[in-house]
There are 2 protein chains.
Amino acid sequence: MTKAAAHARAHDDRALQAAARLFREQGYAGTSLRDIARAAGMLPGSLHYRYASKEDILSALMERAIDRLIESVLAATAASTDPLERVRLAMVEHVRILLSREDSVYVLLYDWRSLSPAAERAIARHRRRYEQFADELLAQAAAHAPLQPGVDLFLVRQFGFGAANWVAQWFDPKGPYTPEQIADSFFRYLTLGTLRSGGG
Amino acid sequence: MTKAAAHARAHDDRALQAAARLFREQGYAGTSLRDIARAAGMLPGSLHYRYASKEDILSALMERAIDRLIESVLAATAASTDPLERVRLAMVEHVRILLSREDSVYVLLYDWRSLSPAAERAIARHRRRYEQFADELLAQAAAHAPLQPGVDLFLVRQFGFGAANWVAQWFDPKGPYTPEQIADSFFRYLTLGTLRSGGG
DNA sequence: CGGCGTGTTGGTCAGTTGACCAAATTTTGC
DNA sequence: GCAAAATTTGGTCAACTGACCAACACGCCG
């Protein structure tokens, strides 16, 4: 990589990272391009040179978040061949990234409405790959460990994602739980339930 | 009630309902006071007469959403005295309201960031009552039906709320599930788990 | 009937917004 | 070392924003 290209990419990174943080804190509409430029240490014109519109920034941010998610969860699940354990590893990693300093995943999940219909379709297509990977993990786990009768894997996926994604809303780094403990508990509740068998 | 007061309250209702719908669709910062006034069938000045600031509208909206939630869930759980069934009824009702035309609950859950710290504290205090009610329901259920060892009721509450609140993000009225079916399945997964006992 | 308070009108105001650009500057390939 | 390409600068522009208000209309009560 040339020196200029490296420099440009570093600026690009800083712009997206600053945008992610601001979008997370103030929302998309609540953040101005000048805010982003200032936080990224550049002038508004430079930002415009890299991204033609504000929505381009959001789209790029979300694509990066999806890539980051897929890559990390893929790597995390490679640590085991047991289908059930792989689901647990995926859940832990998903929560871990969501609660990390990488704000783009939070923006991906919660600033959905700000996209134009066209951009939303593009991101949805991209995100579909992540969901498909999750569905594969679940299907393999279900093939390996028998399910309760009537359990719907689509609902299980939405159930798990919902609980996991919501953690970003209430997690307190100074609280008594680590991201790993939370995801681990959630996995246990989801598989074994919370009641003792025969109760209720 | 006098005719004028009824008229005024109707306008108030229309303003809040219009604001809720727009905030849900475009977010708080993405919605202008003129948008709200137009959707409510009044002029910007009239809106200002009722609410001194845009944030006042959001606060009023959220307070109304909490009141609506508490009232409805309280009524729904009154239909049974079985502690476990009462949790199920609460979950179904929560999801039902979230997916109803009452957009204020959605705004309450997802436009949190837009409040100033002072307004946020006020809403948080108000919302705490709803969470306490949920915690009471869970504690009574736990006292009645023995839990698996190590189950943490705080995490169970966040688990359930997370899964339930996330439904608003993916629910499709034209899809194969009704809100009641979704909440019911979630309750089953949460209590009994998804795997057959002894599996895994 | 008549005056009063509640609510409405249609507009103003200063400040901010996203998009854009010509000129200056830096970096690259030859 | 030099011309071309890539990047940055510092600003402009029209459109929009939230807040606000003086003048006005209406229904209520005496």
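For the numbers below, each heavy atom of this structure counts, side chains included, while hydrogens, waters and symmetry mates do not. It should be emphasised that the depicted structure is a prediction, and the values quoted were computed from it without experimental measurement. Convention: sequence-line order gives letters A, B, ...; per-chain numbering from 1.
- Checking D/dC20, C/dT8, D/dT7 against the side-chain heavy atoms of A/Y49 singles out D/dT7 as nearest.
- The separation between B/I36 atom CD1 and D/dG18 atom C1' is 11 Å, rounded to whole Å.
- With B/W112 as the aromatic partner, B/R127 meets the cation-pi criteria of under 6.0 angstrom to the ring centre and within 45 degrees of the ring axis.
- Between C/dT17 and A/S32, a contact under 4.0 Å exists linking OP1 or OP2 to a side-chain N or O.
- Between B/F186 and B/W166, the ring centre distance reaches or exceeds 6.0 Å.
- Per the geometry, CG belonging to B/L33 stands 15 Å off C1' belonging to C/dT16, to the nearest Å.
- B/S46 comes within contact range of at least one nucleobase, with a heavy-atom separation under 4.0 Å.
- Remark: P of C/dG18 and CG of A/L22 are 12 Å apart, rounded to the nearest angstrom.
- With hydrogens and angles disregarded, a donor-acceptor distance shorter than 3.5 Å links the side chain of B/R86 to the backbone of B/T77.
- Atom P of nucleotide D/dG11 and atom CG of A/L47 are separated by 18 Å, given to the nearest angstrom.
- B/R50 contributes no side-chain N or O that forms a donor-acceptor pair with the base of C/dG7 under 3.5 Å.
- Close placement of the B/F159 and A/F159 rings is indicated, their centers lying within 6.0 Å of each other.
- Listed candidates were C/dT12, D/dG10, C/dA19. Nearest to the side chain of A/L43 is D/dG10.
- Ranked by how close their nearest DNA chain D nucleotide is to the 5' end, A/M42 and B/K54 are led by A/M42.
- Here C/dT17 presents its P atom at 14 Å from CD1 of A/I57, a figure rounded to the nearest Å.
- A/H48 has its NE2 atom 14 Å from the C1' atom of D/dG10, to the nearest Å.
- Remark: P of C/dG7 and CZ of B/R14 are 14 Å apart, rounded to the nearest angstrom.
- Comparing A/D35 and A/G45 along DNA chain C, the residue whose closest nucleotide (by nearest heavy atom) sits nearer the 5' end is A/D35.
- Which of D/dA6, D/dT12, D/dA19 sits closest to the side chain of A/R34 comes down to D/dT12.
- With respect to B/D152 and B/R157, no salt bridge is recorded, no charged nitrogen being found less than 4.0 Å from a carboxylate O.
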